[in-house]
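What follows is a single structure, written as structure tokens, with notes after it.
Below, chains carry the letters A, B, ... as their sequence lines are ordered, and counting in each starts from 1. All of these numbers come straight from a predicted model, not from anything done at the bench.
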2 protein chains.
Amino acid sequence: MISVQEKLKEKGLKVTPQRMAIYNAVVKLNNHPTVENIVDSIKIEYPSVSVGTVYKVLNVLVENGLLRKVKSEKDIMRYDAMMEHHHHLYCNATDRIEDYEDMQLDTLVKDYFNRKKIKGFKIQEVKLQITGNFTT
Amino acid sequence: MISVQEKLKEKGLKVTPQRMAIYNAVVKLNNHPTVENIVDSIKIEYPSVSVGTVYKVLNVLVENGLLRKVKSEKDIMRYDAMMEHHHHLYCNATDRIEDYEDMQLDTLVKDYFNRKKIKGFKIQEVKLQITGNFTT
DNA sequence: ATGCCTAAAGATAATCATTATCTTTTGAGA
DNA sequence: TCTCAAAAGATAATGATTATCTTTAGGCAT
Ligand SMILES: [Mn+2]
Ligand SMILES: [Mn+2]
Ligand SMILES: [Zn+2]
Ligand SMILES: [Zn+2]
């Protein structure tokens, strides 16, 4: 469990309170917060944070592999601290997005495409977009 | 092969030259054009078309099940005239998006999730987002 | 065919998430 | 501590999309 500070240093990025707060907010909020969610969360300990800074920091963290972007139905970007390969469950009634990891499924899909090639296309990654309803 | 006119009438929508041109442009352009692509295409026979009208018509056609939206990497909506269940191949180098139909795969996935349920989630649809490189 | 009425098109402004620009501050090495 | 590029803050700009308002025109009744 490597710390944010170390991750930033590894990439040659300066360790700033804002970067730590923003990264930690995405981790803590969990489940793909929007920029607005993140700003609200940080405002508690950082009432003066600039929204432009949040956007900038998020882009830096994405470019350096600390976070990833998740696109949602609506035209609003969301962020994900889960960097391992995984799929997403999308609620078709709300904005809820949950992570879904399934190595058995990944094996199944990988085996399938090893046997059945798509002509004219070299597959790099297959992600499932699973839509439906949460019952909990 | 039911015509656009008939599809519009079925839905109680007025048949207008703009609606036909826009729908046909999406069909003809093929592979998920942007609004800009569509406007450019229509401008040839319809030099005076209003961009606002194109947005409005596209939304109407999506709401009435004649077209669907496809979200791309960039913050630009794209449109699809292919209404049957299918997956997408995304190029990780360009904006290219191709359709991918595979009933064998669909059966495999459906069978898998019939056996292995996701707890707390009722699946409605599973779409694969396949990223990689086109070799043609 | 003509007129009527509402839905749709056109024109234009507004919205809003995101990016860009500029100034001020600050992390980190010397 | 000093220095300086990098990062934060403040603010304006961008650009896709939507909203509002006026004008036009499909489609039905006469
Ligand atoms: Mn946008
Ligand atoms: Mn947008
Ligand atoms: Zn995720
Ligand atoms: Zn498609």
Mark yes or no: Arg96(B) above the aromatic ring of Phe134(B), with NZ or CZ under 6.0 Å from the six-membered ring centre and no more than 45 degrees from the axis.
-> yes
| query | Between dT19(C), dA9(C), dT18(C), which nucleotide has the shortest distance from any of its atoms to the side chain of Asn59(A)? | reply |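 Of the candidates, dT19(C) comes closest.
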For Tyr46(A) and for Arg78(B), locate the closest nucleotide of DNA chain D by heavy-atom distance; then report the residue assigned to the nucleotide nearer the 5' terminus.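 Here Tyr46(A) is the residue nearer the 5' end.
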Per-nucleotide protein contact along nucleotides 24-30 of chain C, 5' to 3', at a 4.0 Å heavy-atom cut-off (B base, S sugar-phosphate only, - neither), is ---BS--
Under 3.5 Å side-chain donor-acceptor pair for His86(A) and Asp80(A): yes
With no hydrogens and no angle check, just 3.5 Å: does a side-chain donor-acceptor pair link Ser3(A) and Glu6(A)?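 Indeed, the side chains of Ser3(A) and Glu6(A) share at least one donor-acceptor pair under 3.5 Å.
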Are Tyr55(A) and dT18(C) close enough that a side-chain N or O sits under 4.0 Å from OP1 or OP2?
yes
- Query: Taking OP1 and OP2 of dG10(C), is either one under 4.0 Å from a side-chain nitrogen or oxygen of Thr53(B)?
  - Reply: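 Checking Thr53(B) against dG10(C): at least one side-chain N or O falls below 4.0 Å of OP1 or OP2.
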Could you state the atom-to-atom distance from [atom1] of [X] to [atom2] of [N] in whole Å?
X        : N       : atom1 : atom2 : answer
Arg19(B) : dG26(D) : CZ    : C1'   : 10 Å
Glu63(B) : dA7(C)  : CD    : P     : 15 Å
Ile76(B) : dA17(C) : CD1   : P     : 18 Å
Leu61(B) : dA9(C)  : CG    : C1'   : 14 Å
Asp75(B) : dT19(C) : CG    : P     : 8 Å
Lys11(A) : dA7(D)  : NZ    : P     : 14 Å
Met20(B) : dG27(D) : CE    : C1'   : 14 Å
Asn37(A) : dT18(C) : CG    : P     : 11 Å

Evaluation steps, side-chain hydrogen bond (donor to acceptor under 3.5 Å, both in side chains), between Asn92(A) and Gln124(B) = CA-CA 9 Å; Asn92(A) 53 25; Gln124(B) 190 171 78; 2.9 Å; yes
message = Closer than 4.0 angstrom, basic N to acidic O: yes or no for Glu73(B) and Lys69(A)?
response =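 No.
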> Heavy atoms under 4.0 Å, any strand shown: does Val51(A) hit a base, just sugar-phosphate, or nothing?
Replying inline: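 Answer is nothing: Val51(A) stays at 4.0 Å or more from every strand.
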Checking His32(B) side chain against Ile97(B) main chain: does a donor-acceptor pair fall under 3.5 Å?
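At least one qualifying donor-acceptor pair exists.
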Check side chain to side chain contact (heavy atoms under 4.5 Å, CB included) between Thr34(A) and all other residues, then give those that pass, not counting sequence neighbours.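 Listed in chain order: Glu36(A), Asn37(A), Ile76(A), Arg78(A).
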